[in-house]
Each structure stands twice: as C-alpha cells, then as structure tokens.
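Worksheet: one structure, shown below.
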Amino acid sequence: MAKIIHSGLASSPEHYDRFNMKKEIAVWEDSLRTSGRKGEYEWWYFDFKLEDGSTLVIVFYTTVFTATKAGFLPNLSFSLTRPDGTKVEEKWTPPPEKVSFSIEKCDIVMGDCTVQGDLHSYKIHLRVGRVTADVELTGNINAWRPGAGYIYFGDEDYFAWLPSVPEGSAKVSLMVDGRSETLSGTGYHDHNWGNIQMYHLMHHWYWGRAKIGDYQVISCYITGGKKYGHAHYPVFMLAKNGNLIGDDIRYLTYSQKNVAYDSVTRKHYYQTLAYDYNDGKQHYRITYMVKDLIEQTEMMGDAAKKFPTNLILKIAKIDAGYLRFTGTARIEKLEGSVVVEQAEAPATWEMTEFGVDADV
C-alpha cells in the first residue's frame with residue numbers, strides 16, 4: 001500500500017515563518033507571487049452579481065492552465081452572463097512586451113487592460129474584442145485568508161489563496177457592440193497561486209461566495225488527490241454586516257446531495273451543497289442550490305485530444321473539467337433544532353475536478 005503524503009492548511013507559527021507571512025494581511029500579498037518557474041501559476045479573479053440579474057467574471061492570469069514550460073504566458077478573460085442566459089465572452093493573450101506585474105501591490109497591465117487595488121478599492125479597465133469595461137470594487141469586509149493562506153502538499157508543494165475582497169460594492173460601466181450601460185451590484189476578488197499544477201495535488205473542489213441579507217459567506221471544500229489520501233481541506237468564512245463572526249473549520253460540517261451529470265465536461269456534480277457551522281455559541285447553515293450552469297469547460301482543451309498528451313493524461317487519470325453555477329444561497333440561524341432566522345439571495349459558485357469522475 002502506497003504511503004499517504006501529509007498535507008493540510010498552513011496555520012502554525014512555523015508556517016507563517018516559512019512563507020514570510022504575518023496574521024495581519026499586507027498590501028504586497030496581492031501582488032505578483034510567482035516567478036515563472038515551470039509548474040507555477042497565478043491568477044487574480046473578480047466576480048460580480050449585478051442589479052439586473054447579470055453575472056460578470058473577469059480574470060487576469062500569468063500563464064495558461066496547460067503550460068508545460070517555464071515563463072509567463074499572460075492572458076485574461078471576460079465573461080458576462082445575462083439574466084436570459086445569453087453570454088458575452090472575450091479572451092485575450094497580449095504581446096509579452098505590453099505586460100507588467102507589480103511586486104508591491106495589485107497593479108497589472110496587459111496592453112489597454114489594467115487592474116489596480118490595495119485590498120480595499122480596485123479599479124479594472126478592459127478594452128478587448130467588442131467589450132470596453134470600467135469596474136470599481138470597494139470592499140465591505142476586510143481582506144481575509146485561511147491561516148497563512150497556503151495549503152501544503154508534502155514538504156515543498158503548495159496552493160495559496162487570498163480573498164482580498166470577500167464582499168464589496170461594485171459599479172460597472174460597459175460598452176458591448178457600441179451599446180453603453182451602467183450597473184451596480186455586489187462583487188468579490190481573490191488571488192490564487194501555486195508552484196505545481198493543481199491536477200498533481202487535488203481531485204476536485206467546490207468553491208462559492210454569497211451575500212445573503214446582512215451576511216457574507218465564503219465557502220470552499222477541497223478534496224486532495226489519491227496520494228494525499230483524498231484528504232479534505234475545508235475553508236469557511238462567515239461575516240455579518242462586514243464583521244467576521246466565524247471561520248474556525250473545527251466547527252464546520254459539509255454535506256452534498258442531489259447528484260446530476262454534465263455531458264459537456266462528462267462530470268457528475270451535486271446540485272445542493274450545505275455548510276453547517278456550529279461552535280457551541282452560534283449555529284448557522286448555508287445551503288447552495290443550483291439553478292443554471294453558466295460555464296462548462298474541458299480544461300485541458302484540444303491538447304487532451306492529441307497523442308501523446310491524451311495517453312499521458314489517461315495513464316495519470318487526469319480529466320479536468322470546470323463548472324460554474326448560479327442559483328440560490330440560503331442562510332439559516334438555528335437555536336437547537338429550530339430555525340430562528342432565514343434569508344436567501346442569488347449566488348455564484350463552481351466545481352473544478354481534475355481526476356477521473358468519481359465520488360471521493
């Protein structure tokens with residue numbers, strides 16, 4: 001029987017020292033954290049739920065998911081999903097000489113596209129394809145991270161995550177095909193990076209965030225790969241009126257039900273996810289319920305269809321798929337077994353699965 005490799009959330013004083021971190025989050029943490037070594041990746045993710053029912057997602061990347069060589073291959077994506085399900089999508093790979101990343105704060109330039117921020121206020125400008133966009137995001141909650149922000153896999157490998165704006169107010173000015181509109185809503189920004197491709201570390205994850213009445217939620221449930229014993233790494237943050245009220249995963253119970261199948265990615269997924277947080281003094285249950293699939297992506301793309309890549313992926317049991325959902329998030333406050341407070345709101349969440357489809 002193969003030995004299980006140790007893994008877990010980096011949260012001890014030794015971990016903070018190892019990653020040169022402090023418990024207080026610094027502005028530089030949202031700057032460039034990788035150097036372009038082979039296997040490294042990094043992205044700055046923004047999503048918005050707008051007043052007209054639209055969902056907007058913007059991501060700046062240092063490289064592509066399928067990169068096999070060292071160096072940066074910067075690119076960005078824009079995805080707007082209208083209330084009726086129609087989409088406006090643009091992707092762009094800028095010339096390398098028109099790209100820069102700051103190592104002091106979030107300050108990224110990709111040609112005419114930029115993002116700047118300081119853990120509280122962010123401005124995004126995009127001019128790509130048929131879209132021009134200007135977005136302002138102002139945080140309603142302080143930047144937060146689980147522990148030191150790293151999940152370690154063995155002694156050297158890691159995946160890192162910084163929710164720079166767990167929830168904020170957004171203003172979005174859009175011009176699509178010459179038609180202008182201005183919308184407001186709620187927004188979110190996080191920053192991820194790592195030193196080895198995620199499919200080497202993880203089998204799958206669910207991630208979501210929601211603003212539900214007076215509450216703000218970030219929830220994530222990651223399942224490690226086989227060599228890590230399919231270990232689970234839950235991440236959870238609950239705030240009320242902008243103030244943190246719970247993030248200790250010792251008090252968190254996760255469950256899932258109502259399985260469904262997506263024929264595009266060939267992945268099964270759960271239509272209902274529940275995070276139950278009970279620290280003995282307060283008890284909350286957050287439930288995500290799928291309404292629509294708004295993105296279905298085979299993450300390895302055309303590379304997975306060509307020899308010898310397809311053979312290598314098959315032997316390694318890698319079959320990466322990404323699903324993004326919209327639906328309803330419900331929060332319930334319980335006293336004993338009685339629900340004493342309840343609210344619902346629209347939400348966005350995702351599932352990424354790297355391994356072959358299985359319930360682990």
Side-chain angles (χ1 to χ4, degrees), residues 19 28-47 57-79 89-117 122 124 126 128-129 149-153 156-164 189-202 204-205 207 222 225 265 295 297-306 308-310 312-313 316 318-322 324 350 352-355:
F19 296 113
W28 67 265
E29 294 184 43
D30 205 17
S31 71
L32 182 70
R33 306 297 299 276
T34 57
S35 61
R37 286 193 294 268
K38 183 179 178 180
E40 289 185 331
Y41 56 86
E42 188 166 6
W43 67 76
W44 291 258
Y45 169 94
F46 298 82
D47 82 44
V57 177
I58 299 170
V59 192
F60 290 77
Y61 301 90
T62 60
T63 192
V64 296
F65 181 75
T66 55
T68 58
K69 298 180 180 179
F72 291 148
L73 293 170
N75 62 101
L76 62 85
S77 65
F78 172 99
S79 179
E89 296 182 315
E90 294 288 352
K91 295 183 179 181
W92 188 49
T93 300
E97 67 273 14
K98 293 188 176 182
V99 177
S100 66
F101 298 95
S102 171
I103 58 172
E104 297 178 352
K105 62 179 182 178
C106 179
D107 187 353
I108 303 169
V109 177
M110 293 189 184
D112 292 331
C113 302
T114 61
V115 57
Q116 296 177 324
Y122 287 79
I124 302 170
L126 296 182
V128 54
Y150 288 76
I151 298 174
Y152 62 85
F153 297 83
E156 300 296 332
D157 298 330
Y158 68 82
F159 168 78
W161 182 29
L162 172 65
S164 310
H189 162 47
D190 69 15
H191 179 190
N192 292 101
W193 65 100
N195 66 348
I196 184 172
Q197 290 292 353
M198 290 178 286
Y199 55 76
H200 292 297
L201 307 177
M202 306 171 193
H204 70 275
W205 78 49
W207 166 88
I222 301 171
T265 59
E295 186 170 341
T297 302
E298 292 183 275
M299 295 175 68
M300 304 308 292
D302 291 338
K305 301 174 184 178
K306 299 178 181 179
T309 303
N310 57 354
I312 294 170
L313 294 175
I318 297 170
D319 182 22
Y322 174 84
R324 183 179 291 144
E350 67 183 37
T352 301
E353 185 174 300
F354 300 104

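The figures that follow rest on heavy atoms only: side chains count, while hydrogens, waters and symmetry mates do not.
Rounding to the nearest 0.5 Å places CZ of Phe60 at 10.0 Å from CH2 of Trp92. Of the inter-residue distances, the one linking Ile124 atom CD1 with Gln116 atom CD reads 11.0 Å to the nearest 0.5 angstrom. Taking OG of Ser77 as the start and NZ of Lys91 as the end, the distance is 6.5 Å to the nearest 0.5 Å. Atoms CZ and CE, on Phe159 and Met202 in that order, are 4.5 Å from each other to the nearest 0.5 Å. Here Glu90 contributes atom CD and Leu126 contributes atom CG; the two are 10.0 Å apart, rounded to the nearest 0.5 Å. Taking CG from Leu32 and NE2 from His191, the interatomic distance works out to 7.0 Å, rounded to the nearest 0.5 Å.
Contact record, Pro74 with Phe72: CD-C, 3.4 Å, taken as the closest heavy-atom pair. In terms of heavy-atom proximity, Tyr61 sits nearest to Leu76 at CD1-CA, 4.3 Å. The minimum heavy-atom distance linking Glu42 with Ser31 is given by the pair OE2-O, 3.4 Å. Nearest heavy-atom pair across Phe153 and Tyr158 is CD1-CA, 4.3 Å.
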side-chain contact (heavy atoms from CB on, under 4.5 Å), that's the test. Do Asp157 and Asn195 meet it? Break it down for me.
CA-CA 6 Å; Asp157 298 330; Asn195 66 348; 4.0 Å; yes
Verdict with supporting geometry, Ile151 and Trp161, side-chain contact (heavy atoms from CB on, under 4.5 Å):
CA-CA 8 Å; Ile151 298 174; Trp161 182 29; over 6 Å; no
Run the numbers on Met110 and Phe101 for side-chain contact (heavy atoms from CB on, under 4.5 Å), then give the verdict.
CA-CA 9 Å; Met110 293 189 184; Phe101 298 95; 4.0 Å; yes
What verdict does the ring-ring contact (aromatic ring centres under 6.0 Å, His included) test give for Tyr41 and Trp43, after you've listed the backbone C-alpha separation in whole Å, the side-chain angles of each residue and the deciding distance to 0.1 Å?
CA-CA 7 Å; Tyr41 56 86; Trp43 67 76; 5.8 Å; yes
Go through Arg324 and Trp207 one step at a time and tell me if the side-chain contact (heavy atoms from CB on, under 4.5 Å) criterion holds.
CA-CA 10 Å; Arg324 183 179 291 144; Trp207 166 88; over 6 Å; no
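Using a distance-only test at 3.5 Å, with no hydrogens or angles considered, no donor-acceptor pair links the side chain of Asp190 to the main chain of Ser164. Between the side chain of Glu40 and the main chain of Thr34, no donor-acceptor pair closer than 3.5 Å is present. In this structure, the side chain of Asn75 engages the main chain of Thr63 through a donor-acceptor pair within 3.5 Å. Although no hydrogens or angles enter the test, the distance criterion places no donor-acceptor pair under 3.5 Å between the side chain of Glu295 and the main chain of Tyr322. Using a distance-only test at 3.5 Å, with no hydrogens or angles considered, a donor-acceptor pair links the side chain of Trp44 to the main chain of Asp30. With hydrogens and angles disregarded, a donor-acceptor distance shorter than 3.5 Å links the side chain of His189 to the backbone of Tyr45.
For Glu97, the CD atom is densely surrounded, since the number of other residues' heavy atoms within 6.0 Å is greater than 12.
A perpendicular orientation is assigned to the rings of Phe354 and Trp205, their planes being inclined by more than 60° (bins at 30° and 60°).
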